[in-house]
Structure formats: C-alpha cells, structure tokens
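Some notes on the structure that comes next.
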Amino acid sequence: MRPAPAYLPLLLGALTAFGPMSIDMYLPSFPALARDLGTDMASVELTLSAFLVGLAAGQAVYGPLSDRLGRKPPLYAGCALYVAASVGCALARSIEALVVLRVVQSLGGCAGMVLARAVVRDLYEEQESARVFSLLLLVMGAAPILAPLVGGQILVRAGWAAIFWLLAAFGLACLAAVALWLPETHPPERRTRAGVGRALRVYGELLADRRVLGFAMAGGLAQGSLFAYLTGSPFVFMEVHGVAPEHYGWLFGLNALGLIGASQANLRLLSRLPGRTILGRALAVNAAAALVVLAVGATGAGGLPGLLAPLFVAIASLGFIQPNAVAGALAPHPTRAGSAAALVGTLQFLVGAAAGMLVGALHADTALPMAAVMALCGTSGWLAYRLGVAPAAPAPRSTA
C-alpha cells in the first residue's frame, strides 16, 4: 500500500463536496428564484432534479476516462466546466436557462465526486477505505452545515445570483488545489487502453457482480431519502411551517451535524465490526425513521418539532450507510475503481433524481410528498440489503 499525504482526506473531501455545496447553498433561495424568474416552486425544484440527473450521467463518463487517462486530467476538465457553468447560473434570467445550466454545472462537479472515491480505492483496501470515506464525510459534512447558512445570508444581503458566483470561486479553488497538491494515484501501468465498447462491457460485468450491485443499490436507495428531503424541505420548512429563509440553514445544519457525528461513530465501530454489519443495522434504522416521518407527514402530529426528530435520525443514519456501502461496492475490483465508483455514483444520483422528481410531481401544501418518498426510498434500501448483500457469502480478497 502506497503512503498517502496527510492532507489528502481534506482535499478529497473538498472535491466530494461539489455536490453538497451546489445543492445546499441555494436551497434557501427557492422562493426568491420562483419570484424573480416568474415561475412556481415546482419548476424551481426541477433545477435540483436536473442537477442530480447531470451528476448521474457525468459520473458514468468520468469513471472509464479516469481508468484510461489517470485521475487528474478528467479532474481538470470537470473543475473548469463547473466554474464556467456556475458563472452562467449567476447570469441566468429564465428558469429554462437555469435548468440547462444546472445540468452543465453538475456534469463538471461530478468529476470531483467520483474521482475522489476512485483515489481512495487506489490507495486503500475495503475496511480501511470505509474509514477514509468516514473521514471524507467529516470534511464534506461541513458543506451541509455551512452552505445553507451562508446561502441564506448571501440571499438576504446580495441576492441569489451571488450564491452562484461563490460556487464559481469554490470550483476555481479546487482546480488550483488539484493542480498543486493532488498526486496521480493511477499510474500508466495500471491504466486500461480499451475504448467505449470495452467500457460498456466493464459496466455490464460490474452490474452482474452481486456484491457490487447489492451494496450500490442498498446505499443508493437509502441516499434517495436524502434527496427527497433536499427537494422537499425548502417548501416544507419555509412555506408550510413559516421558517424564514435566513433561518432555514440552522434547521438544515442540525441534520447535517447528525450525519457528521454518525460518520465519526462509524469510524470507531469499524475497528470492532465488519462494515456490512454496520450497514445492515443502519439501513434498518433509516427505514424505520423514514416511516415515522411518513406518519407525521400524513397526520401533522407534533407540528415542526414532531417532524424534525425522525428527520434527524433518518439523515444521521446515512453517516453509517454511505461509507460502508461505497467501500463494499468498490472492494472487489481494484483495477476498475474509476468505473466502479462511477457506477455507484450513477445509481445513487439516478435514484436521487427520481426521488426529487417524484416529490415535485406529488407537490402538495403539506409535508406528505416529501415524507412518502423518503419512506419509499428508506424501505427499498433496506430490502435491497436483505436481498442482495445479507445473503451473500463473505467477500473474497480483492481481485482484478
């Protein structure tokens, strides 16, 4: 195992934070976007779903590219595209333009997200990978706490366009950090030379691997509950329960703190329990909490506090789910880490986009659409684990 620089988790966490930064920072601006662009909340919510579709599609391309070219060249291209699209979002004057530019922005930002995972797999085996992914959650976990708070304050003082200018600056800083400090972890002798046809065959082989698919679907479906929350919470908190935009970030940050705390508890548990055991228990907790969210959303029992408590548990449980699901999915194929990481991310964000679109399609003047989709995703993730991961024999040592 090659030694990794001590600062590497910080840098990889920043690259992984492209998604949370781009999603969470502009959530408080949903009502302002609807007002300024002359549209409705359902159309504004579509900008989030469009971003998730781009994240899914882009990762499917960056993974094989990085297996062939190395990790850094695709990162350069992705960061540059992200900066340009963020500037475009800041200048957008119609909801249609913003939707398109959000897709382009996500096609750039997803490079950092998928290739950070590939770099971890280049350097570490499964159990250690899960520990590193937990550290990444600690670093990137600052984004869901700070981004809505910063976004709310920027919105009040400078308007929603300034949020996208700040995202452009973040992308530029990441581009510089990759150029200056990220080592190339996929040397020429390990790179593939195959074309598009071979890349598609690799995806087919990965999908046929029960271990990869089981871990990826369990983690991806559970992650869908997070995207249902991301899509629905601005309306539920600010419109249904009257939370001010500048205060929305405090409620959002509370759940993000739970996610960070769980990821660090996972780091400690991994010294005593296998990752897949932790994953199964956390998926059960996520499903149960999401069902309580559904009950509260359907009845209105407890008002906003009654909703916040099970939401906190559901989101926090993802701090145990994501590191172990990703590590389990990537472990069997070390020489295809880019493609495997891309497949995991693609499945994850396809589910997320579908969850967000479903929340928008079911739009109502209550928390019920968000709660129903969260419950559907949470229970489906647990079932995917029971059917795909739990019955499997212990995974063999990593092979090519």
Side-chain angles (χ1 to χ4, degrees), residues 15-27 29-30 33 37 39-65 74 77-79 81-86 88-89 92 94-117 164 167 171 199-200 203 207 216-217 219-235 322 339 341-363 369-370 373-374 376-377 380-381:
L15 294 174
T16 310
F18 270 119
M21 288 283 289
S22 305
I23 293 170
D24 303 339
M25 188 171 288
Y26 93 126
L27 292 178
S29 70
F30 273 25
L33 279 167
L37 299 181
T39 188
D40 55 24
M41 284 289 286
S43 297
V44 174
E45 289 171 354
L46 184 60
T47 65
L48 177 54
S49 297
F51 187 86
L52 298 177
V53 169
L55 286 182
Q59 290 188 64
V61 175
Y62 284 115
L65 269 180
C79 290
L81 182 61
Y82 178 88
V83 172
S86 297
C89 288
S94 71
I95 190 64
E96 293 81 9
L98 186 59
V99 168
V100 172
L101 286 163
R102 285 286 283 172
V103 173
V104 179
Q105 186 189 37
S106 66
L107 290 174
C110 68
M113 300 175 69
V114 65
L115 296 180
R117 291 173 174 173
F164 290 105
L167 290 175
L200 293 175
Y203 278 131
L207 286 169
M217 289 306 298
L221 286 164
Q223 189 82 346
S225 65
L226 173 64
F227 292 119
Y229 162 73
L230 292 175
T231 303
S233 64
F235 177 80
Q322 287 310 305
S339 296
L343 178 64
V344 171
T346 297
L347 291 174
Q348 178 183 100
F349 287 106
L350 281 176
V351 172
M357 290 177 182
L358 188 54
V359 171
L362 297 175
H363 187 79
M370 178 189 76
V373 177
M374 286 187 68
L376 175 64
C377 291
S380 297

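One is the number of the first residue; the rest follow in order along the sequence.
For the pair Ile23 and Leu52, the minimum side-chain heavy-atom distance is below 4.5 Å. The shortest side-chain heavy-atom distance between Ser380 and Met217 does not fall under the 4.5 Å cut-off. The shortest distance between side-chain heavy atoms of Leu167 and Tyr82 falls below 4.5 Å. Proximity of Val359 to Phe235: side-chain heavy atoms (C-beta onward) are nowhere separated by under 4.5 Å. With a 4.5 Å cut-off on side-chain heavy atoms, Leu27 and Leu230 count as touching.
Considering all non-hydrogen atoms of both residues, Leu37 and Ser94 come closest at CD2-N, 3.9 Å. Shortest non-hydrogen contact noted between Gly220 and Val351 is O-CG1, 3.6 Å. The two residues Ala228 and Val373 have their closest heavy-atom pair at CB-CG1, 3.6 Å. Listed here is the closest heavy atom pair of Cys377 and Ser225: CB-N, 3.5 Å. Taking each heavy atom of Ala92 and Ala97 in turn, the nearest pair found is CB-CB, 4.4 Å. Val83 and Gly171 get closest at one heavy-atom pair: CG2-C, 3.5 Å.
Of the possible polar contacts, one joining the Arg102 side chain to the Ser22 backbone as a donor-acceptor pair under 3.5 Å is found. At distances below 3.5 Å, at least one donor-acceptor pair connects side-chain atoms of Tyr26 with backbone N or O atoms of Leu48.
For the atom pair Leu347 CG and Gln223 CD, the distance stands at 12.5 Å (nearest 0.5 Å). Met374 CE to Leu226 CG: the interatomic distance, rounded to the nearest 0.5 Å, is 8.0 Å. Leu107 CG to Leu81 CG: the interatomic distance, rounded to the nearest 0.5 Å, is 6.5 Å. Atom CE in Met357 sits 12.5 Å away from atom CZ in Phe227 (nearest 0.5 Å). A distance of 11.5 Å separates CZ in Phe30 from OG in Ser43, rounded to the nearest 0.5 Å. If you take OG on Ser106 and CG on Leu55, they are separated by 5.0 Å, rounding to the nearest 0.5 Å.
Checked by atom type, the side-chain pair Thr231/Glu45 shows no donor-acceptor distance below 3.5 Å.
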